[in-house]
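Both ligands and their constituent atoms are indexed starting at 1 by order of listing.
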Amino acid sequence: MRMVLLGAPGSGKGTQGEKLAAHFGIPKVSTGDALRAAVAAGTDLGRKAKRAMDAGQLVDNEIVIGIVEERLAQPDAAKGFILDGFPRNTAQAQVLDAMLVRLGQPAIDKAVHLQVDDEEIIKRLLDRAHKEGRADDKEDVIRKRIRVYNDETHPLLDYYRAQNKLVAVPGVGAVDEIFQRILRVLKH
Ligand code: AP5
Ligand code: MG
């Protein structure tokens with residue numbers, strides 16, 4: 001299974017990605033998690049990424065593409081992976097397709113769109129801000145992230161629809177219920 005999780009900030013990509021990775025026994029690859037680890041470690045890459053992340057903007061394509069290529073080249077990703085937060089624009093999606101060819105891997109099987117409305121997203125992320133204090137979970141930055149998603153990432157729905165790979169799942173309700181919905185649509 002080679003899967004892309006698509007959805008707005010806070011739509012549950014990380015939450016469902018963990019469950020899918022455990023279910024299929026394959027790694028979850030999250031560019032957001034990798035970037036936050038780089039920021040926490042204070043690497044050059046982390047310093048470059050932090051400014052864009054704190055503003056709710058996308059980090060440069062070259063940086064995230066480098067992270068993904070390095071990760072997908074590792075042996076545990078050879079039999080599949082769950083991508084969370086990548087690709088995020090059409091250029092990244094095209095590079096990903098070419099990367100899989102270069103790595104000698106089969107193409108992406110499915111792109112799963114987690115559908116959640118803006119009001120619910122803002123509620124979830126403000127709630128997480130209280131619990132975890134993630135630097136980009138501030139209301140103005142959350143709204144910016146939603147705008148960036150609509151402008152740059154939303155077009156990927158058409159990209160994967162055109163390849164007959166897109167499936168949509170309502171992302172509201174209990175976490176386990178949503179997980180079962182995803183497993184059901186994957187069977188079709
Ligand atoms: P990234 O880390 O990918 O953040 P995001 O897309 O904004 O999404 P989140 O991680 O906030 O939400 P999620 O969809 O994973 O949902 P989650 O499961 O956590 O990216 C962060 C930044 O890094 C970007 O803004 C950008 O700067 C940079 N970046 C990353 N990838 C990049 C790329 N490819 N190119 C360029 N830049 C990139 O859930 C959210 C909350 O809701 C949690 O608290 C969770 O517990 C809760 N929750 C989950 N499910 C439910 C449910 N069913 N009901 C109620 N609450 C729920
Ligand atoms: Mg996430």
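Selection from E18, R88, R145, K144 by nearest heavy atom to atom 6 (O) of ligand 1 gives R88. Among T15, V141, L35, T31, the residue whose heavy atom sits closest to atom 29 (N) of ligand 1 is L35. Among R134, R124, Q57, the residue whose heavy atom lies closest to atom 10 (O) of ligand 1 is R134. Evaluated by nearest non-hydrogen atom to atom 2 (O) of ligand 1, the leading choice among K13, K50, R36 is R36.
Assignment of G173 to the shell around ligand 1 is supported, since a heavy atom sits closer than 4.0 Å.
A distance-only check finds no donor-acceptor pair linking the side chain of D109 to the backbone of M3 [under 3.5 Å]. A donor-acceptor pair is defined here as one N or O able to donate and one able to accept, closer than 3.5 Å; such a pair exists between the side chain of D117 and the backbone of E120.
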- Task: Please report the C-alpha distance between L100 and L72 in whole Å, then the side-chain angles of each, then the deciding distance to 0.1 Å, and finally whether the side-chain contact (heavy atoms from CB on, under 4.5 Å) criterion is met.
- Result: CA-CA 9 Å; L100 293 175; L72 295 190; 4.2 Å; yes
Using the rule given for side-chain contact (heavy atoms from CB on, under 4.5 Å), can you reason through I121 versus R143, listing the C-alpha separation, both sets of side-chain angles and the distance that settles it, and then say yes or no?
CA-CA 10 Å; I121 285 166; R143 291 191 188 278; over 6 Å; no
| query | Yes or no on side-chain contact (heavy atoms from CB on, under 4.5 Å) for L183 and F24, after CA distance, side-chain angles and deciding distance? | reply | CA-CA 11 Å; L183 293 183; F24 290 108; 4.3 Å; yes
Go through the steps for I182 and L114 under the test side-chain contact (heavy atoms from CB on, under 4.5 Å), then give the verdict. CA-CA 9 Å; I182 298 172; L114 293 169; 4.0 Å; yes
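One finds no salt bridge joining D54 and K144 here, because no Lys/Arg side-chain nitrogen approaches an Asp/Glu carboxylate oxygen to under 4.0 Å. The pair K138-D140 does not meet the salt-bridge criterion, since no charged nitrogen lies less than 4.0 angstrom from a carboxylate oxygen. By the 4.0 Å N-to-carboxylate-O rule, K50 lies too far from D136 to be salt-bridged with it. One finds no salt bridge joining E152 and R88 here, because no Lys/Arg side-chain nitrogen approaches an Asp/Glu carboxylate oxygen to under 4.0 Å.
Considering backbone and side-chain N/O of S11, one or more are found under 3.5 Å from N/O of ligand 1. Here's the thing with D137: none of its N/O atoms is less than 3.5 angstrom from an N/O atom of ligand 1. By the 3.5 Å distance cut-off applied to N or O atoms, A52 is not counted among the residues near ligand 1. Of the N or O atoms in P87, none lie within a sub-3.5 Å distance of an N or O in ligand 1. Inclusion of E132 in the set of residues having an N or O under 3.5 Å from an N or O of ligand 1 is not warranted. Between G12 and ligand 1, at least one pair of N/O atoms sits closer than 3.5 Å. Taking distance alone, with nitrogen or oxygen atoms compared against 3.5 Å, G10 approaches ligand 1 more closely than that limit. For L58, no nitrogen or oxygen atom sits less than 3.5 Å from a nitrogen or oxygen atom of ligand 1, counting backbone and side chain alike. An N or O contact shorter than 3.5 Å links G14 to ligand 1 by distance.
Shown in contact with G85 at under 4.0 Å from a heavy atom are these atoms of ligand 1, numbered in order with element: 31 (N), 32 (C), 33 (C), 34 (N). Those atoms of ligand 1 with a heavy atom of I178 less than 4.0 angstrom away are 53 (N). Listed by atom number, the atoms of ligand 1 under 4.0 Å from Q92 heavy atoms are 33 (C), 34 (N), 35 (N), 36 (C). Residue-ligand proximity, A8 to ligand 1, at heavy-atom distances under 4.0 Å covers atoms 14 (O). Each of the following atoms of ligand 1 lies closer than 4.0 Å to a heavy atom of F86: 34 (N).
More than 12 non-hydrogen atoms from other residues, nucleotides or ligands lie less than 6.0 angstrom from NZ of K165.
Looking at R145 and D137, their side chains come closer than 4.5 Å, going by heavy atoms from C-beta outward.
Closest protein heavy atom to atom 11 (O) of ligand 1: R128 NH2, 2.7 Å. For atom 37 (N) of ligand 1, the closest non-hydrogen atom on the protein side is V59 N, 3.0 Å. Protein heavy atom closest to atom 22 (C) of ligand 1, with residue, atom name and distance, is M53 CE, 4.0 Å.
Cluster annotation: M53 and V29 are assigned to the same hydrophobic cluster (Ile/Leu/Val/Met/Phe/Trp/Tyr, side-chain heavy-atom contacts under 4.5 Å, transitive).
When ring centroids are compared, H23 and F179 come within the 6.0 Å threshold.
Contacts between A49 and ligand 1 below 4.0 angstrom, taking non-hydrogen atoms only, are absent altogether.
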